[in-house]
Amino acid sequence: MVLGFSIALIVFSLLLMLLVLMHKGKGGGLSDMFGGGMQSSVGGSSVAERNLDRITVVVGLLWAACIIALGVMMKTS
């Protein structure tokens with residue numbers, strides 16, 4: 001059971017990193033330093049940006065749930 005949550009945590013971590021990197025940079029920070037100031041093909045539509053925001057939040061919540069579940073399992077065993 002712990003192995004399944006560990007694998008899920010790795011998958012959600014990689015997916016969360018990818019989703020955060022896909023966001024359009026707002027400017028004035030690290031996003032400009034790494035090329036976030038350029039126009040992105042994903043950020044062209046406000047609907048696409050909102051959907052990306054929603055997907056990122058859902059994956060972030062699943063990531064947090066995996067961490068909490070792993071913590072509870074390790075504490076009880």
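By convention here, the first residue in the shown sequence is residue 1.
- Under the 4.5 Å side-chain heavy-atom criterion for Ile, Leu, Val, Met, Phe, Trp and Tyr, W63 and M1 are members of the same hydrophobic cluster.
- Atom-to-atom distance recorded for F5:CZ and I10:CD1 is 14.0 Å, nearest 0.5 angstrom.
- Between the CG atom in L18 and the NE2 atom in H23 there is a gap of 10.0 Å [rounded to 0.5 Å].
- The shortest side-chain heavy-atom distance between V47 and R50 falls under the 4.5 Å cut-off.
- Under the 4.5 Å side-chain heavy-atom criterion for grouping Ile, Leu, Val, Met, Phe, Trp and Tyr, L62 is not connected to I68 through any hydrophobic cluster.
- Both L19 and I67 are assigned to one and the same hydrophobic cluster, defined by single-linkage of ILVMFWY side chains at heavy-atom distances under 4.5 Å.
- L16 and T56 get closest at one heavy-atom pair: CD1-O, 3.8 Å.
- In terms of heavy-atom proximity, S6 sits nearest to L70 at OG-CD2, 3.9 Å.
- Residues L9 and C66 come closest through the heavy atom pair CD1-CB, 4.1 Å.
- Taking the side chain as every heavy atom from C-beta outward, V57 and L61 approach each other to under 4.5 Å.
- Put simply, L52 and V58 are part of the same group of oily side chains (I, L, V, M, F, W, Y) that touch within less than 4.5 Å, one to the next.
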